[in-house]
Amino acid sequence: MSANLTDTRISSPFSWRGNQFPPITDAKTPEHLKQISDLGLPFIFDIHTHFFPETIMKLIWRWFDNVNWAIGYRLPEPERVKCLHHNGIKHFTTLNYAHKKNMAESLNDWTFANYQNWTGAIPFGTFYPEEGVLRYVKRAVEEYGFLGFKLHCEVSKLNLNDPELGDCFTYLEKNEIPIVIHTGTAPLPGEFTGIQFFKPFIETYPKLHVIVAHMGAHEISAYASLLGNYPNLALDTTMVFVDFLATGKAEDVDSAIPILETFQNQIYFGSDFPNIPYNLNHPISNLLSLPISDQAKQKILYQNAKNRFFK
């Protein structure tokens, strides 16, 4: 879709690269399907997809509407899953998060009750600093069989160094359960976001399997500098190498490309589906066109996540 006055994205407070917007809905045959086949990939593994109860998802979409963050995947849940499959994404996570007390456990219960209806879903839970948090984290792992967790430091106003969460992090570290954490300052900073909160956290739990969402934008280089010292630390590419510049200026994004090659074993592909202002072909094709090796692309789009969740 070309930039024009009928496209609300033209009024977004977030910048775009170039003078055209990517299509917002799927093509009949996404162009990246042949490319991933040529790379020898059986499918794409998306580490960063969101599933919320519909009432909560609609409230999230309302926030995006207020900043003209147009979303084309406002479909019933089963249709959204079909869109993932249509784009060659066979496995994906069920990320959600709580923004207040007495919410996280019910989200976990909802995810457990529904995720088997979403073919290819890898069940992730969440937690929040509150009484009983370790109890329901253990339940999610030991009874529900969840394979990971998601935390959002900005929306949840969550300090990773909160002592109330210490036992949870120790438990997850011991059991090698990964956490996807939105700890960066993009698209908006929060009270407890940024490398100054994350660094003491990872120093306290150095063996914890952490996947930093959005590569830690707007501080990508700072987070990447930790990768060599923490082999269980990883970054996801969610909304970084796209034409929508909510995660940084174009020059900052471009300067991050070498990180994908250097730390190819510690990078996961993520999309932020369904809350993206373009279709899924856009982030996948953009990543495939980057000047990195085929081996790095194979690891980022598929192999690293396969090795993590299908040992």
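In what follows, residues are counted from 1 in the order of the sequence shown.
- Remark: the backbone N or O of Gly40 is not paired with any side-chain donor or acceptor of Gln298 at under 3.5 angstrom.
- A cation-pi arrangement is absent between Arg9 and Trp69, since the terminal nitrogen or guanidinium carbon is not both under 6.0 Å from the aromatic centre and inside a 45° cone about the axis.
- The ring pair (Phe, Tyr, Trp, His ring centres under 6.0 Å) check on Tyr128 picks up nothing, with sequence neighbours excluded.
- Side chains of Asn96 and Thr111: a donor on one and an acceptor on the other come within 3.5 Å.
- Interatomic distance, CZ of Phe51 versus CG of Asn117, reported as 10.5 Å (0.5 Å rounding).
- The aromatic ring centres of Phe201 and Phe197 sit 6.0 Å or more apart.
- Within the structure, side chain to side chain donor-acceptor pair (under 3.5 Å) pairs that include any residue of residues 34-43 comprise Lys34-Asp38 (at least two apart or interchain).
- Residues Tyr97 and Glu154 have side chains that never bring a donor and an acceptor to within less than 3.5 angstrom of each other.
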**Report entry** Thr94/Ile122 under side chain to side chain contact (heavy atoms under 4.5 Å, CB included): CA gap, chis, key distance, verdict
**Finding:** CA-CA 6 Å; Thr94 65; Ile122 304 299; over 6 Å; no
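- Residues passing the ring pair (Phe, Tyr, Trp, His ring centres under 6.0 Å) test with Tyr223, sequence neighbours excluded: Phe198.
- With values rounded to the nearest 0.5 angstrom, Lys199 atom NZ is found 15.5 Å from Leu160 atom CG.
- Of the possible polar contacts, none joining the Thr193 side chain to the Pro189 backbone as a donor-acceptor pair under 3.5 Å is found.
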Which pairs of donor and acceptor atoms, one on a side chain in residues 266-275, lie under 3.5 Å apart (sequence neighbours left out)?
residue	atom	partner	partner atom	Å
Gln266	NE2	Leu227	O	3.2
Gln266	NE2	Tyr230	O	3.3
Gln266	NE2	Leu233	O	2.8
Ser271	OG	Asp46	OD2	2.5
Ser271	OG	Phe273	N	3.0
Asp272	OD1	His48	NE2	3.2
Asp272	OD1	His50	NE2	2.9
Asn275	OD1	Trp61	NE1	2.7

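- In this structure Lys138 satisfies the side-chain contact (heavy atoms from CB on, under 4.5 Å) test together with Leu134, Glu142, Tyr171, sequence neighbours excluded.
- In this structure Glu203 satisfies the side chain to side chain donor-acceptor pair (under 3.5 Å) test with no other residue, sequence neighbours excluded.
- Remark: the Glu261 side chain and the Gln264 side chain contain an N/O donor-acceptor pair separated by less than 3.5 Å.
- Checked against the 6.0 Å centroid threshold, Phe124 and Tyr115 do not count as a close aromatic pair.
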Query - salt bridge (charged side-chain N to carboxylate O under 4.0 Å, His left out) evaluation trace for Arg135 with Glu105 - result: CA-CA 10 Å; Arg135 171 191 56 78; Glu105 185 172 14; 2.9 Å; yes
Query raised in the report: Are Met239 and His214 close enough, and set up right, to give a side chain to side chain contact (heavy atoms under 4.5 Å, CB included), and what steps lead you there?
Result: CA-CA 6 Å; Met239 298 198 78; His214 311 285; 4.1 Å; yes
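- No side-chain heavy atom of Asn232 sits under 4.5 Å from any side-chain heavy atom of Val210.
- Remark: Glu164 engages no residue in a side chain to side chain donor-acceptor pair (under 3.5 Å) (not counting sequence neighbours).
- Checked against a 6.0 Å centroid threshold, the rings of Phe21 and Phe244 do not count as neighbours.
- Counting all heavy atoms, side chain and backbone alike, Ala246 lies closest to Ala186 at O-CB, 3.7 Å.
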Query raised in the report: Should Tyr302 and Phe45 be marked as a ring-ring contact (aromatic ring centres under 6.0 Å, His included) after you check the CA-CA gap, both sets of side-chain angles, and the distance that decides it?
Result: CA-CA 5 Å; Tyr302 167 70; Phe45 197 125; 8.2 Å; no
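- Looking at Thr126, its side chain does come within 3.5 Å of a backbone N or O of Lys150 through a donor-acceptor pair.
- A salt bridge links Arg74 with Asp65; the closest basic N to acidic carboxylate O contact falls under 4.0 Å.
- Scanning both residues, Pro13 and Val67, for their nearest heavy atoms gives CD-O, 3.2 Å.
- To the nearest 0.5 Å, atoms OG (Ser221) and CG (Leu226) are separated by 10.0 Å.
- Sorted by first and then second residue, the pairs that involve residues 49-63 and meet salt bridge (Lys or Arg N to Asp or Glu O under 4.0 Å), not counting sequence neighbours, are Glu54-Arg80.
- Taking the side chain to side chain donor-acceptor pair (under 3.5 Å) definition, one finds that Asp254 meets it with Arg17, sequence neighbours left out.
- Legend: residues meeting salt bridge (charged side-chain N to carboxylate O under 4.0 Å, His left out) with Asp109, ordered by chain and number and at least two apart, are Arg139.
- A search for side chain to side chain donor-acceptor pair (under 3.5 Å) contacts involving Tyr73 returns Asp26, not counting sequence neighbours.
- Between Phe43 and His91, the ring centre distance stays below 6.0 Å.
- Proximity of a side-chain donor or acceptor of Asn114 to a complementary backbone N or O of Trp110 within less than 3.5 Å is detected.
- Counting only residues at least two apart or in different chains, ring-ring contact (aromatic ring centres under 6.0 Å, His included) contacts with residues 276-299 comprise Tyr278-His282.
- Remark: side-chain polar atoms of His32 are paired, donor with acceptor, to backbone N or O of Asn87 under 3.5 angstrom.
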